[in-house]
Amino acid sequence: MSQLPSTNLSKTCNWSFAQVENTKPQDAVDSKPSKWFDIKQGDMPTSVHVELIKQGVIKDPYKGMNEYDVQWVGETDWLFKTEVTVTAEQAALPFVDLVFEGLDTICTVKLDDVEILSADNMFISHRVDIKKHLKSDNASKSTTYTLSLLFPSTYLAAKAIEERELKLNRPENYDEKTGTYGKPVTLWNGISSRCYVRKAQYGWGWDWGPIIMTVGPWKDILLEAYSARIDSNRISVTLDEPFDAPSLKSAFEVVGQAKGCTADVRLVDNKGKVVKEETGISLSSEGNTTVGRVEWSFKSGEVDIWWPVGHGAQPMYTVEVTLRSNEHSNDNSNGSASGTTEVTRHTQKFGFRSLRLVQDKLEDAPGTTFLFEVNGRRIFCGGSNLIPADNFLTEVTPERYRAWLELLVAGNQNMIRVWAGGIYEADVFYDICDELGILVWQDFMFGCAIYPAFDDLVANVEEEAKQVVKRLRNHPSLALFAGNNEDYQVAEAINLKIDYDDHDADFRKTAFPARHFYEKLLPSAVNTLSDVTYHYGSPWGGKDSRDPTVGDIHQWNVWHGTQEPWHNWDKLAGRFVSEFGMEGFPDIRTVDYWLDGNTAERFPQSRTVCAHNKADGFERRLELYLMENFRHAFDMESYVYYTQVMQAEVLSAAYRLWRREWRGKGREYTAGALVWQINDCWPTTSWAIVDYFLRPKPAYFAVARELAPFTVGMARMDVRTQEDKYSDARFKIEQTLEIWGNNSAPTEKNCTLDVVAFDLHEGIVVEQFTKDVTLAANSSTEFWQGLVPGQILRKSLSEVAKTIVVGARLIDGDGSVLARYANWPEPWKYIIFPDPGLTITPASDGETLTLSCKRPIKGIILDVADRSSDEEAGECKWSNQAIDLMPGDDQVVVAKGLKGRKVKARYLGDGSA
């Protein structure tokens, strides 16, 4: 074999690192290290902060106010080193490469004292042929070399690059008093210099994350020796109606000494069965690339089709390419064909599926659809936005990735958007999305700014785009590439003149130079190297980026913007809402973690608690929505409870109202909603529906209920009618109710609608009725509209409406409950809650709980009565939270890990306020 197995230097070598003191970015290469710290073998890849915490040099920045005490780390230069051994067998091959899969961020690499690499982009990998640097007089034995990686401060270097570019391009802005050239770009979050380097932008601080400027070799470093290798394999699938007989094209690139080589290609299913194979495939030169090609067609049913979760299975296939040399070999022990020698092998996983973005005219509404059609089926996309799962990226293990994505699926979500201010996630992330059937909306890493487009940056981004597209293109989960996050919105906010129909101008000479990336460079890379759809940005479409009738929108007029009541979500809809959200505190355990024992700071307005909420004006905005809707207390436990219930109600209302607008083909007025956000990168209060420690907030369960395969929804409204057009004193107020259902299946569903209206204060059912209904396939269905049963007709604003709680359920033919929802009059702050008679009955297993009541209950959140028992028994994992309970409709909650412990419940009006 002419390619030896890779040596993972991150795992097999002994590494150490040191601070490089008293340097400036321009002379860091010549500086001297201070004290060396050893890195425990197996702990690479890593970052400086992580290692300094282990060494006791710095305190955990996730606790207390420690974040502010570690800022010096990002303004310091750091040096990593190890000893690398190249064996005689490796040195004998034509190519010996060092592969740096990810360096964070600006880095100079030396082998002994020879500089072999100057890197400045954390998103790309670098392959360096070191053959010429090997000691030729030691060719017959193993030789050891010193590998050193010097990381000058990217934070300081970015400022220097910014100043350089401003001096070159904006000399008229020079301010003699300050000695600066003014602020070069408009941006939201972080500092302007972040836009000048290709480093994860959230590290400069965001409205949900701290300023932590990580540094170090954040991905593996490999040693590879070979005569030829297969660099990549582009798999293209064509799948037309009836979507069961696909065709496949495989184009694999060979690097190195490929002359005289042929290839064998096999298609293998996930059980290892060979489905199709072809041998002796010739290679051809195409420009500077050597390529091998295979084209296969399949009969109906010959291969299985990949579907998103909830719509079918996720079968994966592998294309195995074996490169062979036609030179005779006396050793055929490797199973190669007679007369050939195996040179190298390459495997590429993929799935058979078709996926397209449909933007068709609607039947009876302005604009166009924005929906994803998979294998001919139009799919409502309910999901989340993803930020990096940690500020310390090397701490995000495959197990943590799986835990996050399994939570997503368990919450009935089918799409995740990888947001533009973070990273292109690890390969294992996309592998798990393939396995679980999660569609991926993938942003390129440009977020919330008017980015420059100087020559060095353009070349850097071009390489980044090529590598990203080639790495991700074969994943069946990949639904879309988008050019940026909110950069067009930033431009619109400062009133830049943008001709959205002109994609051919020399944008680099305009006030919005980054359009060169979004409208030329990135789409060229995507369209040339893949079959994936490209979208200019998020949001994008229509007359501007806020147009709700075309493309996607970010709907932030709840919380940000005009700070609308969340009850207006139906008026704030778009064709696809790719961001929206509401803040809520995390689990009280997470709050106590960051308080780190400082009980004096355990109140909502404390300095430490506020330091763990980065949202601008969060105090005013939380209180705006709390005061409008709740009577609430200000102790820590109460504030956690009320913000969590509020977040759950806000998000469930959005999904409920927007999913209603998925009304069938040609009437897909809203085709998707992605909540901001699924996760946190540190322990904090944010818009996340699951906190940093993977503890779901109540909102997670509320969203899961609204994205279930079958749902029932209701909307209540006060309708005022003037009895005399000349009089404002004579009117009537009627309370109306509308009921509908949703079905995500491709077939219709027959069931029974059961509706009960309960007078909360009288403690009686005022009306109950059932109705046979049919849920239309893959659509919402309107069921009923009329007046709220038992409600009075009001003729004066002094008359108080009855507190009628209406419960609706969909009952299957076997009597099981398909869906339920309870509609309450709002705002809840006006309601005087009577004792509901809640009973929690544990089963013999100590973990299954049955909840029942005598009067309706709003917003039940369960916990163990004694949290100190977590240390010994562990934390519970609840199957449901933020529960509304109706009399006669008991609900079962499973508390995995409860182990018979006593449970406490909190709900609106329980006397805790």
Side-chain angles (χ1 to χ4, degrees), residues 308 311 354-385 413-420 438-444 477-489 492 500-501 503 518-519 522-523 526-527 531-557 569-581 654-655 657-676 707 742 744 778-780:
H311 293 269
S354 72
L355 192 154
R356 69 188 188 103
L357 176 64
V358 179
Q359 298 187 79
D360 292 344
K361 289 188 177 298
L362 290 156
E363 287 184 3
D364 51 4
T368 57
T369 62
F370 190 95
L371 63 88
F372 294 91
E373 182 183 273
V374 184
N375 305 327
R377 185 182 304 170
R378 298 183 171 200
I379 291 176
F380 183 89
C381 293
S384 294
N385 287 266
Q413 300 185 39
N414 62 9
M415 176 174 272
I416 194 162
R417 173 175 172 242
V418 180
W419 170 74
I438 302 168
L439 295 173
V440 177
W441 172 315
Q442 176 67 57
D443 284 355
F444 283 96
S477 58
L478 184 60
L480 186 77
F481 278 117
N484 66 85
N485 174 80
E486 296 183 354
D487 291 7
Y488 288 99
Q489 279 195 338
E492 291 162 3
Y500 284 113
D501 296 322
H503 303 297
Y518 314 145
E519 299 176 40
L522 296 177
V526 172
N527 297 333
D531 305 310
V532 184
T533 298
Y534 178 81
H535 188 52
Y536 284 125
S538 182
W540 168 268
K543 64 182 183 296
D544 57 38
S545 62
R546 292 176 173 84
D547 188 339
T549 68
V550 180
D552 69 311
I553 63 167
H554 292 183
Q555 185 47 271
W556 281 109
N557 282 316
W569 279 130
D570 55 344
K571 303 180 183 68
L572 301 172
R575 297 294 173 246
F576 194 109
V577 186
S578 47
E579 279 191 25
F580 72 101
Y655 279 105
L657 293 169
W658 291 339
R659 195 174 173 192
R660 185 185 189 184
E661 297 307 304
W662 180 256
R663 295 179 182 265
K665 191 170 184 179
R667 302 173 67 225
E668 301 98 338
Y669 308 125
T670 299
L674 308 179
V675 68
W676 186 270
L707 289 177
N742 293 283
S744 62
N778 194 19
S779 173
S780 65

Dump the intermediate steps for side chain to side chain contact (heavy atoms under 4.5 Å, CB included) on Met415 and Leu674, then the final yes or no.
CA-CA 8 Å; Met415 176 174 272; Leu674 308 179; 3.9 Å; yes
Any donor-acceptor N/O pair, Asp552 side chain to Trp540 backbone, under 3.5 Å:
yes
For Pro548 and Ala573, work out which heavy atoms get closest and say how close.
CB-O, 3.4 Å
Test your reading of the model: is there a side-chain donor-acceptor pair from Ser780 to the backbone of Arg660, 3.5 Å cut-off?
yes
Is there a donor in the side chain of Arg417 and an acceptor in the side chain of Asn485, or the other way round, less than 3.5 Å apart?
yes
Does the plane of the ring in Trp658 sit parallel, tilted or perpendicular to the ring in Phe580? Use 30° and 60° as the thresholds.
perpendicular
Name the orientation class of the two ring planes belonging to Tyr488 and Tyr500 (parallel below 30°, tilted from 30 to 60°, perpendicular beyond 60°).
tilted
Answer yes or no: is there a donor N or O on one side and an acceptor on the other, between the side chain of Glu492 and the main chain of Ser545, under 3.5 Å?
yes
Going from OG on Ser384 to CD1 on Ile438, what distance comes out if it is rounded to the nearest 0.5 angstrom?
10.0 Å
Does a side-chain heavy-atom distance below 4.5 Å link Asn778 with Arg377?
yes
Given side chain to side chain contact (heavy atoms under 4.5 Å, CB included), test Val374 with His311 step by step and report yes or no.
CA-CA 10 Å; Val374 184; His311 293 269; over 6 Å; no
With rounding to the nearest 0.5 Å, note down the distance linking CD in Gln413 to SG in Cys381.
11.5 Å
In the structure I gave you, are the side-chain heavy atoms of His554 and Ser538 within less than 4.5 Å of one another anywhere?
yes
With distance as the sole test, does Asp544 use its side chain to make a donor-acceptor pair with the main-chain N or O of Asp547 at under 3.5 Å?
yes
Would you confirm whether Thr670, through its side chain, and Gly574, through its main-chain N or O, come within 3.5 Å as a donor-acceptor pair?
yes
Any donor-acceptor pair under 3.5 Å linking the side chain of Asn385 with the backbone of Val675?
yes
Looking at side-chain heavy atoms only, is the closest gap between Trp662 and Asn742 below 4.5 Å?
no
Taking the six-membered ring for Trp, is the centroid-to-centroid distance between Phe370 and His535 below 6.0 Å?
yes
After noting the C-alpha distance and the side-chain angles of Arg378 and Glu668, does the key distance pass the salt bridge (charged side-chain N to carboxylate O under 4.0 Å, His left out) rule?
CA-CA 9 Å; Arg378 298 183 171 200; Glu668 301 98 338; 3.0 Å; yes
Taking the side chain as C-beta and beyond, is there a heavy-atom pair between Leu480 and Leu357 under 4.5 Å?
yes
Atom pair CD1 (Ile379) and CG (Leu439), whose distance is rounded to the nearest 0.5 Å
6.0 Å
Between CD of Glu373 and CZ of Arg356, what distance do you get to the nearest 0.5 Å?
4.0 Å
Taking the six-membered ring for Trp, are Trp441 and Phe576 parallel (under 30°), tilted (30 to 60°) or perpendicular (over 60°)?
tilted
Exam field: side chain Thr369 to backbone Asp360, donor-acceptor pair closer than 3.5 Å:
yes
With rounding to the nearest 0.5 Å, note down the distance linking CG in Leu707 to OH in Tyr655.
5.5 Å
Gln489-Asp487 side chain donor-acceptor pair, cut-off 3.5 Å:
no
Intermediate values then yes/no, salt bridge (charged side-chain N to carboxylate O under 4.0 Å, His left out), Arg659 and Glu661:
CA-CA 5 Å; Arg659 195 174 173 192; Glu661 297 307 304; over 6 Å; no
Side chain to side chain, Tyr669 and Leu362, heavy atoms closer than 4.5 Å
yes
Taking the side chain as every heavy atom from C-beta outward, state whether Phe372 and Leu355 have any atom pair closer than 4.5 Å.
yes
Short side-chain to backbone donor-acceptor contact, Asp443 and Trp419, under 3.5 Å
no
Checking Asn414 side chain against Gly382 main chain: does a donor-acceptor pair fall under 3.5 Å?
yes
Just how far is it from atom OG of Ser779 to atom CZ of Arg663, taken to the nearest 0.5 Å?
8.5 Å
Aromatic rings Tyr534 and Phe444: how do their planes relate, parallel, tilted or perpendicular, breaks at 30° and 60°?
tilted
